[in-house]
Structure formats: C-alpha cells, structure tokens
Amino acid sequence: MFVDASVLSAMMTDEEEARNFAARMQAETTRMTSPLAAAQAAIEVAARLGLPAADAGDAVRTFLELMNIQLLAIPPRAAFLAIETHGRYGEGRHPAALSLNDCMTYACARYYRQALLFKSEGFAQTDIETA
C-alpha cells in the first residue's frame with residue numbers, strides 16, 4: 001500500500017480516522033510512501049501541533065520507522081505520470097481537483113503498483129485503487 005501524507009498527518013495528530021487507518025495499514029505487509037508525502041506530513045503536523053518544522057520532521061521519521069513504512073524514492077517516470085494525472089484529474093480540469101502533490105502521490109502509487117491509502121476526497125473521484 002502507498003500511504004498519502006493526509007493519512008500520515010491524521011494518524012500523527014490522532015484525528016478521528018486515525019484508528020481506522022491504523023487497522024487498514026495493519027492488514028497490509030507492504031507499506032510505502034514518498035519523500036514528498038513525508039515532507040508534506042511534517043509540515044502539516046508542525047502547523048497543527050505548533051511544533052518547529054525540524055521537530056515535526058524527526059517525528060515523521062520516527063513514525064515511519066515504527067509503522068514499518070518504507071520511504072521510497074520518487075522515480076523519474078513519476079514526473080510524466082503526474083503530468084498525465086494532472087491532465088485527467090488536476091485542479092481546474094476535473095472535480096477531483098488534484099494538486100501537484102496529489103498528482104505525484106497518485107503517480108508514485110501507480111508506478112509502484114500499490115493501492116493508495118488516503119483521506120482526501122479528491123482521490124476517491126479517480127480510478128486509483130483504494131487501500
């Protein structure tokens with residue numbers, strides 16, 4: 001499964017859906033995310049909890065290790081998959097209104113052939129396989 005930043009930040013800030021996400025992740029042996037998603041999650045956690053960005057980054061790193069979520073490189077091919085994704089589902093083009101970060105997450109999940117675990121309603125309006 002490929003884990004979106006929205007799920008990471010929801011779990012780390014103990015949002016209402018956190019336990020549901022944890023249960024869904026527990027059922028999967030393969031868990032991965034991208035450096036972009038980790039950075040985005042750290043920024044969101046820092047803002048929500050009033051932490052310095054560096055401390056939130058350390059917390060995300062520790063969380064990924066504890067949850068056994070691999071941090072994988074963004075492959076060069078993902079750039080072109082993200083462009084295609086934006087053309088189909090991007091802001092101003094489709095009701096899903098995926099941002100550039102969302103398009104990269106979608107592209108990485110597709111590239112690594114993983115279902116996507118997400119919180120965002122936008123992904124639900126695409127053809128991405130849901131974890």
Side-chain angles (χ1 to χ4, degrees):
M1 105 179 359
F2 198 91
V3 183
D4 181 45
S6 63
V7 171
L8 297 173
S9 61
M11 292 180 73
M12 292 184 69
T13 59
D14 200 26
E15 289 183 20
E16 191 174 311
E17 306 97 328
R19 284 166 183 64
N20 178 33
F21 291 140
R24 290 165 66 187
M25 284 177 42
Q26 191 172 31
E28 297 291 328
T29 56
T30 302
R31 299 178 203 112
M32 60 184 69
T33 196
S34 72
L36 179 62
Q40 184 176 354
I43 291 166
E44 290 173 12
V45 167
R48 289 182 191 170
L49 300 181
L51 298 173
D55 291 348
D58 290 341
V60 168
R61 181 182 299 117
T62 300
F63 182 78
L64 294 176
E65 290 171 5
L66 291 172
M67 296 300 294
N68 197 27
I69 301 172
Q70 292 180 286
L71 189 59
L72 300 178
I74 297 174
R77 173 77 181 116
F80 302 101
L81 292 172
I83 293 165
E84 292 171 14
T85 302
H86 186 269
R88 292 175 64 196
Y89 301 116
E91 294 170 320
R93 300 177 182 275
H94 188 273
L98 298 185
S99 66
L100 174 59
N101 285 347
D102 292 337
C103 289
M104 286 302 293
T105 295
Y106 178 105
C108 286
R110 280 289 166 118
Y111 178 85
Y112 286 113
R113 297 179 181 175
Q114 295 294 312
L116 181 61
L117 183 61
F118 58 88
K119 179 181 170 185
S120 167
E121 292 297 320
F123 288 121
Q125 297 179 45
T126 72
D127 64 351
I128 195 77
E129 182 183 349
T130 302

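The structure presented is a predicted model; accordingly, all values stated were derived computationally and were not measured. Computation of the quantities below employed the complete heavy-atom set of this structure, encompassing side-chain atoms and omitting hydrogens, waters and symmetry-equivalent molecules.
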Could you state the interatomic distance from [atom1] ([X]) to [atom2] ([Y]), rounded to the nearest 0.5 Å?
| X | Y | atom1 | atom2 | result |
| --- | --- | --- | --- | --- |
| L36 | C108 | CG | SG | 7.5 Å |
| D14 | M12 | CG | CE | 11.5 Å |
| R24 | E17 | CZ | CD | 10.0 Å |

For residues 51-65, run the donor-acceptor check on the side chains, cut-off 3.5 Å, and write out each pair with its distance to 0.1 Å, sequence neighbours left out.
{"unit_1": "D58", "atom_1": "OD1", "unit_2": "R61", "atom_2": "NH1", "d": "3.0"}
{"unit_1": "T62", "atom_1": "OG1", "unit_2": "D58", "atom_2": "O", "d": "3.1"}

Problem set entry | Heavy atoms from other residues, nucleotides or ligands near CZ of R19 exceed 12 (cutoff 6.0 Å) | no

Could you give the side-chain donor-acceptor pairs of residues 70-77 under 3.5 Å, partners two or more places apart or in another chain?
none

Exercise. Pairs in or reaching into residues 28-37: which pass side chain to side chain donor-acceptor pair (under 3.5 Å), with residues at least two apart or in two chains?
Worked result: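 Found none.
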
Problem set entry | Where at least one partner belongs to residues 2-12, residue pairs that pass side chain to side chain donor-acceptor pair (under 3.5 Å), sequence neighbours excluded | D4-S6, S9-E44

Exercise. M25 and I69: side-chain contact (heavy atoms from CB on, under 4.5 Å), yes or no, with the steps?
Worked result: CA-CA 9 Å; M25 284 177 42; I69 301 172; 3.4 Å; yes

Same cluster or not: [X] versus [Y], using hydrophobic residues (I, L, V, M, F, W, Y) connected whenever any side-chain heavy atoms lie under 4.5 Å apart?
| X | Y | answer |
| --- | --- | --- |
| L49 | M67 | yes |
| V45 | F21 | yes |
| M11 | L8 | yes |

Exercise. Where do Q40 and N101 come nearest, in terms of heavy atoms and distance?
Worked result: OE1-ND2, 3.3 Å

Exercise. What are the two closest heavy atoms between A5 and A37, and how far apart are they?
Worked result: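 Of all heavy-atom pairs spanning A5 and A37, the closest is CB-O, 3.3 Å.
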
Identify all side-chain donor-acceptor contacts of residues 114-126 below 3.5 Å with residues at least two apart in sequence or on another chain.
{"unit_1": "Q114", "atom_1": "OE1", "unit_2": "M1", "atom_2": "N", "d": "2.5"}
{"unit_1": "Q114", "atom_1": "NE2", "unit_2": "Y112", "atom_2": "O", "d": "3.4"}
{"unit_1": "K119", "atom_1": "NZ", "unit_2": "E15", "atom_2": "OE1", "d": "2.2"}
{"unit_1": "S120", "atom_1": "OG", "unit_2": "G122", "atom_2": "N", "d": "3.1"}
{"unit_1": "Q125", "atom_1": "OE1", "unit_2": "A96", "atom_2": "N", "d": "3.4"}
{"unit_1": "T126", "atom_1": "OG1", "unit_2": "F123", "atom_2": "O", "d": "2.8"}
{"unit_1": "T126", "atom_1": "OG1", "unit_2": "I128", "atom_2": "N", "d": "3.2"}

Exercise. In the hydrophobic clustering that connects Ile, Leu, Val, Met, Phe, Trp and Tyr at side-chain heavy-atom distances below 4.5 Å, which members other than I83 occupy its cluster, ordered by chain and number?
Worked result: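 I83 shares its hydrophobic cluster with F80.
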
Problem set entry | Any pair counted as salt bridge (Lys or Arg N to Asp or Glu O under 4.0 Å), so long as it reaches residues 105-117, sequence neighbours left out |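 Residue pairs with at least one partner in residues 105-117: R110-D127.
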
Problem set entry | Contact list for residues 90-100, test salt bridge (Lys or Arg N to Asp or Glu O under 4.0 Å), sequence neighbours left out | none

For this session: Tell me, please, which residues at least two apart from Y106 pass ring pair (Phe, Tyr, Trp, His ring centres under 6.0 Å).
Result: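 With sequence neighbours excluded, Y106 shows a ring pair (Phe, Tyr, Trp, His ring centres under 6.0 Å) to Y89, given in chain and number order.
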
